[in-house]
Amino acid sequence: PATLDTLSPVEIERRIVKLGRRGRTDEALDLYEALQARPVQLNIRHINAAIDACSRSRPVRWDKALSILNESSISPNVYTLGALLNACARNHDAKAALHWLHALEPTVKPNAVCSQAAMTACARARDLQAALKLLNEAERENIVLTVVGYNVVVSAAAKLGRVDIGLRILRNMTDPLQSKPQPDAITYGTLLSACESAGDWERLLSLSEEMTTEGLQLDGISWTSVLH
């Protein structure tokens with residue numbers, strides 16, 4: 001682009017990110033390719049931005065993301081890994097997520113964001129066992145997940161009709177002896193919907209009462225589950 005000479009490396013990175021988030025993947029990658037002719041300015045943040053743009057494309061440009069990674073002589077970091085795993089999640093590719101989660105070790109160790117992205121990929125691929133395995137692995141390695149990570153697995157269980165597994169995760173979250181994030185309205189709402197689908201009205205009412213006791217508000221979807 002004609003403006004490349006007037007932009008600083010930080011401004012170029014921000015522009016690649018902005019274009020990627022707006023779905024203008026070709027423009028983001030064109031800018032990245034132009035930057036490659038100036039290796040002195042190219043850094044890992046540009047690579048991460050380009051991979052992130054590939055992950056946000058519809059369809060996901062997985063081959064291009066891997067090409068960017070493999071052609072770079074710059075060492076990846078945890079944000080590189082996160083961008084790759086987000087691509088796996090958006091592509092519903094559990095197999096790739098399970099591979100890449102630990103593929104860059106020992107150079108790059110997965111953090112909570114990486115683990116949650118990998119769990120999301122497994123959940124979207126309807127691979128509940130893999131999602132559960134990753135959840136247990138994260139807990140075992142003392143990776144501090146947010147409630148979002150737990151909700152991903154609860155949702156995967158609920159969609160497959162495994163209310164029992166979702167409830168088991170809920171009970172672990174509310175166990176005062178466990179250092180886990182507390183469930184939120186989404187956690188309960190997901191299980192309420194699952195109970196409704198299973199026709200388990202007794203458990204549905206029990207969960208709705210528990211949710212109210214915890215000071216959480218039922219949203220429209222959750223209220224519909226309770227009233228039907």
Side-chain angles (χ1 to χ4, degrees), residues 21 51-52 55-56 58-60 62 65 78-104 108-175 178-198 203-204 207 210-211 214 216-222 225:
R21 289 179 178 175
I51 293 175
D52 183 66
S55 80
R56 295 175 185 274
R58 295 294 180 269
V60 172
W62 179 245
V78 72
Y79 298 103
T80 318
L81 179 58
L84 287 170
L85 290 169
N86 281 331
C88 295
R90 293 183 179 119
N91 219 21
H92 299 199
D93 193 338
K95 183 177 180 180
L98 292 171
H99 166 74
W100 282 103
L101 183 62
H102 296 293
L104 300 182
V108 179
K109 186 174 178 60
N111 61 10
V113 172
C114 296
S115 294
Q116 289 174 184
M119 286 189 286
T120 299
C122 294
R124 290 177 177 173
R126 301 177 70 83
D127 191 339
L128 176 57
Q129 291 306 312
L132 283 168
K133 180 180 178 181
L134 291 179
L135 176 61
N136 292 332
E137 179 182 289
E139 292 180 339
R140 189 168 58 251
E141 295 182 4
N142 295 318
I143 295 175
V144 182
L145 301 173
T146 68
V147 68
V148 173
Y150 288 88
N151 286 348
V152 164
V153 186
V154 169
S155 178
K159 288 177 180 177
L160 293 173
R162 295 303 307 270
V163 182
D164 57 320
I165 293 177
L167 286 171
R168 189 174 72 212
I169 295 171
L170 174 68
R171 293 298 160 237
N172 284 337
M173 295 172 73
T174 57
D175 185 346
Q178 302 283 342
S179 298
K180 293 182 173 63
Q182 289 300 298
D184 60 10
I186 294 175
T187 319
Y188 282 99
T190 300
L191 291 171
L192 287 171
S193 295
C195 290
E196 179 189 31
S197 297
R203 185 171 284 168
L204 185 151
L207 282 172
E210 178 180 328
M211 183 178 180
E214 293 296 326
L216 297 172
Q217 294 292 323
L218 291 166
D219 60 20
I221 295 175
S222 300
S225 296

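Bear in mind that the values here come from a model prediction, so they are computed numbers and not experimental data. The first residue of the sequence shown is numbered 1, and numbering continues consecutively from there.
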Quiz item: Can you tell me how far CD1 of Ile51 sits from OH of Tyr79, rounded to the nearest 0.5 angstrom?
Solution: 15.0 Å
Practice problem: Applying salt bridge (charged side-chain N to carboxylate O under 4.0 Å, His left out), name anything that partners Arg171, two or more places apart in sequence or on another chain. | Solution: Glu210
Quiz item: What salt bridge (charged side-chain N to carboxylate O under 4.0 Å, His left out) pairs are there with at least one residue in residues 114-134, not counting sequence neighbours?
Solution: none
Quiz item: Between atom CE of Met119 and atom OG of Ser155, what is the distance when rounded to the nearest 0.5 Å?
Solution: 12.5 Å
Self-check item: Residues which pass side-chain contact (heavy atoms from CB on, under 4.5 Å) with Ala121, listed by chain and number, not counting sequence neighbours
Solution: Cys88, Ala89, Ala97
Practice problem: For the pair Val108 and Thr80, evaluate side chain to side chain contact (heavy atoms under 4.5 Å, CB included) and give the outcome as yes or no after the intermediate values. | Solution: CA-CA 9 Å; Val108 179; Thr80 318; over 6 Å; no
Exercise. Please report the shortest heavy-atom distance between Leu128 and Val153, naming the atom on each side.
Key: CD1-O, 4.2 Å
Quiz item: Are the side chain of Gln182 and the backbone N or O of Met173 linked by a donor-acceptor pair below 3.5 Å?
Solution: yes
Exercise. Kindly compute the distance separating CG (Leu134) from SG (Cys114), expressed to the nearest 0.5 Å.
Key: 12.0 Å
Practice problem: For the pair Leu135 and Leu145, evaluate side chain to side chain contact (heavy atoms under 4.5 Å, CB included) and give the outcome as yes or no after the intermediate values. | Solution: CA-CA 9 Å; Leu135 176 61; Leu145 301 173; 3.5 Å; yes
Quiz item: Sequence neighbours excluded, which residues qualify as side-chain contact (heavy atoms from CB on, under 4.5 Å) partners of Val163?
Solution: Leu167, Ala194, Cys195, Arg203
Practice problem: Any side chain to side chain donor-acceptor pair (under 3.5 Å) involving residues 137-153? Give me the pairs, sequence neighbours left out, ordered by first then second residue. | Solution: His102-Glu137, Gln116-Thr146, Glu139-Tyr150, Asn151-Asp184, Asn151-Thr187
Exercise. Would you give the length of the straight line joining atom CG of Asp52 to atom CG of Leu84, rounded to the nearest 0.5 angstrom?
Key: 10.5 Å
Practice problem: Could you list all the side chain to side chain donor-acceptor pair (under 3.5 Å) pairs where at least one residue sits in residues 86-95, not counting sequence neighbours? | Solution: Ser55-Arg90
Self-check item: Residue pair Pro110 / Leu101: nearest heavy atoms and the distance that separates them
Solution: CG-O, 2.9 Å
Quiz prompt | Non-hydrogen atoms of Ala130 and Cys122 that approach each other most closely | solution = CB-SG, 3.7 Å
Quiz item: Quick one: CD1 on Ile169 to OG1 on Thr190, what's the gap to the nearest 0.5 Å?
Solution: 11.0 Å
Quiz item: Excluding sequence neighbours, so at least two apart, what forms salt bridge (charged side-chain N to carboxylate O under 4.0 Å, His left out) with Arg21?
Solution: none
Self-check item: Stepwise side chain to side chain contact (heavy atoms under 4.5 Å, CB included) test for Lys180 and Asp175
Solution: CA-CA 8 Å; Lys180 293 182 173 63; Asp175 185 346; over 6 Å; no
Practice problem: Applying side-chain contact (heavy atoms from CB on, under 4.5 Å), name anything that partners Asp164, two or more places apart in sequence or on another chain. | Solution: Arg162
Exercise. Might you point out which heavy atoms bring Ile143 and Ser115 nearest each other, and give the distance in Å?
Key: CD1-OG, 3.7 Å
Exercise. Calculate, to the nearest 0.5 Å, the distance between atoms CG and CG belonging to Leu170 and Leu207 respectively.
Key: 6.5 Å
